[in-house]
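Notes for the one structure printed next.
Just so it is clear, the structure is predicted and the values come from calculations on it, not from any experiment. Side chains are part of it too, since the values below use all heavy atoms of this structure and drop only hydrogens, waters and symmetry mates. Quick note: residue numbers are just sequence positions, from 1.
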Amino acid sequence: MAKASNLTRTDVDSSFESQLSVSSRTSNRSLRVAEKERRKNQIGDPFVLALKYFSEVEAGTPCLGNDVLERNLVLVERVGLSRGLPPEAVSVMLDYAMSLRATCVRVLKFLIPATVVPQEAVVRAVSWLCVGKIAISTQVLFLRWVLTVFDMIDSKDHLRAIYGFIFSFVTEENLSPYICHMLYLLTRRESVSLISSHLLSPQGRQPFLLHLLSLYKVFSPELVTLALPSRMRSGFKNHNSTWKVALSAVQKRNNGQVSSDISLTLGLKDKTNSRKRLPSQMGSLLGSSLALCYLDYVQDDSAFLRLNFWLGHALHEEFLFCSGDGGSGSSSEALHFLNRLLSTQHFLQEGFSSTEGFLYKFLNVWDGSLLRPQILGLLSDIPVVPSSCISQLLFEPLMQLFFTSTLFFKCSVIDCLNNMLLKWLTWHSVYSLEDGLDISLNSHTPMNMTLSGFMDSVMELVRFVGRLATVGLQLEGCHSLLLSFILDFYETVCDMFLKYGLPLVVMPPAGVFYPALFATDPVSVDRLSYIMYRWGGVVTSTPLRSCQHQQAFHISRQTCQEFNHYLLFMVSCLWNSKMFLPGMAIEVDQELLALSKVPAPWTRFDLIHHPAFLGCALDFHHKCWPERKDIDFNSIKAAKQWNWYMEFLFSQGFQGLQQFVQSSINRSSAAGISGQRGSQPTSR
């Protein structure tokens with residue numbers, strides 16, 4: 001039985017192995033048939049045949065009158081401009097174009113990559129520059145092509161290996177702008193040791209050369225002795241005009257999919273139809289708080305220079321130089337991009353110089369609605385702008401948008417400028433020095449500004465908001481929402497000296513003070529009272545703070561007159577019931593007042609009859625005299641009832657009004673308020 005069992009097991013194993021062998025042979029045969037079929041299809045593909053022709057064509061083959069060459073060239077050109085060329089095709093056609101062919105310019109113009117560019121092909125093409133027989137215009141076109149597709153090159157290691165060779169072309173006058181740009185993108189700390197010192201001799205102050213030198217100075221300060229400006233405009237221009245439309249069309253048409261009818265030597269990931277923003281390594285910083293924290297900790301100037309350059313290029317390409325068909329891909333993508341940029345700037349607590357330059361240009365073409373929260377958020381992060389140019393760069397474009405916009409946009413602009421002022425004051429308190437002020441966009445691109453220059457800029461900003469607020473309240477009928485944002489701004493203005501130590505006091509214009517005082521909602525009047533209370537604190541604390549800061553700070557006579565005028569009018573209106581009487585700030589003809597048939601019009605804006613507090617007075621009257629059917633507000637003016645009414649108002653949450661009354665009004669004679677209210681504002 002055991003022997004029979006063993007024979008049976010052996011037979012089963014043999015049968016199983018036989019089945020596996022048959023299955024394996026069948027599978028291998030299927031793979032061979034599929035591979036054979038694929039190769040057969042490729043052999044018959046005209047595009048593959050055209051690439052084979054250009055890879056095997058001999059040097060010296062005539063171009064004019066060569067129908068075979070023209071036919072294959074047209075075929076590859078059609079594919080390049082419609083679907084883009086795969087890496088193998090890019091390599092073949094670039095080798096053909098740079099090997100002294102008459103059709104080089106034509107080939108470079110349709111050399112549109114569908115996915116990536118093999119770096120070996122670029123290295124071989126760069127080596128052709130040393131032959132000296134390629135026309136300068138063709139060399140320039142090739143370098144422009146390399147800069148356009150730089151981010152699509154699969155690797156840069158071999159290009160950096162020939163850094164010194166590329167550097168040798170810097171002295172070529174026509175090639176220098178493009179060579180400097182390429183070197184800027186390729187430079188690493190170890191690359192600086194490969195450069196020759198003869199570049200650093202005076203050769204003019206071209207922006208592209210200065211930007212490259214600024215990067216070298218970061219890595220090796222002793223190598224660059226030339227004094228470089230701390231703030232420079234972008235030294236590198238965009239060179240993708242020849243291929244921009246074709247690249248965009250190819251990306252949209254392909255939708256990120258790689259053509260499957262040609263075998264590729266590299267494994268490629270699917271790509272979306274979004275616009276390509278230069279180095280992806282730079283873009284990845286915006287989404288990594290860990291990388292940003294490390295970058296800020298190590299104070300790597302070169303990384304900030306690169307990030308600034310990338311951001312400037314990306315912002316200009318997305319929003320300024322985009323074509324009329326939308327250019328930016330999709331609004332959701334642009335929204336995501338700007339939100340990440342805002343998050344990065346808030347994380348670093350500072351903006352970027354490239355963002356600032358972009359905003360100054362974008363404000364002139366902005367419609368006020370496109371990505372409004374993000375644009376205004378970026379605008380609030382810009383550093384202190386010198387007073388000599390702040391009007392042209394910032395105020396004029398904002399003013400045009402403000403006066404022709406909706407109420408909501410007006411509120412958003414005032415809030416943006418309030419946040420801008422807060423950040424300026426914060427930078428002042430952090431970076432203020434004994435002899436001056438170091439206000440910087442970030443710690444890597446400082447812009448020195450004296451204290452007087454900083455104060456001039458702040459003064460210009462406060463006055464500008466005053467003009468916007470005055471006209472805005474007139475246009476919107478003193479809307480309470482807009483008034484609320486304006487009062488937010490002037491609360492910040494009150495903090496300039498008391499909280500941030502800036503020796504500057506600015507009063508609001510009459511177009512803001514009186515609408516707030518005569519507002520129909522009690523919150524606005526209460527906030528105005530709080531602002532006046534804070535200004536009173538500024539005036540009374542000025543001598544003490546001046547001694548503490550060891551600097552002379554005197555409020556101007558005009559500012560004191562404005563404050564006393566506002567204080568006297570506010571007390572006379574709310575407390576003493578002397579509205580419209582001779583000698584007050586607002587005088588109305590007595591005959592005109594008589595025509596209004598309003599009894600005792602000079603009392604219409606006291607704390608009882610004021611439209612903002614009339615409901616409170618009515619509620620208080622019902623609580624005191626619930627049995628009365630008729631309402632007599634004069635009964636509240638009795639000494640005891642008046643004190644109760646004040647306590648009732650203060651219990652409603654009007655703390656600003658309470659602080660104003662307690663600090664600005666002498667209440668020692670308040671008991672005689674019914675017949676005579678001799679209470680006066682305290683002297684300032």
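A donor-acceptor contact shorter than 3.5 Å links the side chain of Gln139 to the backbone of Ile134. The backbone N or O of Ser353 sits less than 3.5 Å from a side-chain atom of Asn308, completing a donor-acceptor pair. A side-chain donor-acceptor contact under 3.5 Å links Trp424 to the backbone of Ile382. Judged by distance alone, with hydrogens and angles left aside, the side-chain atoms of Ser55 form a donor-acceptor pair with the main-chain N or O of Leu51 at under 3.5 Å. For the pair Asp367 (side chain) and Leu370 (backbone), a donor-acceptor distance under 3.5 Å is present. Distance alone, capped at 3.5 Å, is enough to place a donor-acceptor pair between the Thr148 side chain and the Arg144 backbone.
Atom CG of residue Leu363 and atom NZ of residue Lys361 lie 12.5 Å apart, to the nearest 0.5 angstrom. Expressed to the nearest 0.5 Å, how far CG of Leu292 lies from CG of Leu286 amounts to 7.0 Å. How far NE2 of His211 is from SG of Cys180: 11.0 Å, rounded to the nearest 0.5 Å.
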Task: Steps toward side chain to side chain donor-acceptor pair (under 3.5 Å) verdict (Gln345, Asp381) - done: CA-CA 8 Å; Gln345 293 191 164; Asp381 286 338; 2.8 Å; yes

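For the residue pair Asn339/Gln374, the side-chain donor-acceptor check at 3.5 Å is satisfied.
For Glu56, the CD atom is densely surrounded, since the number of other residues' heavy atoms within 6.0 Å is greater than 12. Heavy atoms from other residues, nucleotides or ligands lying under 6.0 Å from NZ of Lys423 number more than 12.
Under the ring pair (Phe, Tyr, Trp, His ring centres under 6.0 Å) criterion, Tyr184 pairs with Phe236, Phe309, sequence neighbours left out. Qualifying salt bridge (charged side-chain N to carboxylate O under 4.0 Å, His left out) partners for Arg106, counting only residues two or more places apart in sequence or in other chains: Glu70, Glu77. With sequence neighbours excluded, no residue forms a ring pair (Phe, Tyr, Trp, His ring centres under 6.0 Å) with Phe347.
A cation-pi arrangement is not found for Lys52 relative to Phe47, the charged atom failing to lie both closer than 6.0 Å to the ring centre and inside a 45° cone about the ring normal.
Residues Gly377 and Leu342 come closest through the heavy atom pair C-CD2, 3.5 Å.
By the 30° and 60° cut-offs, the orientation of the rings of Phe165 relative to Phe169 is perpendicular.
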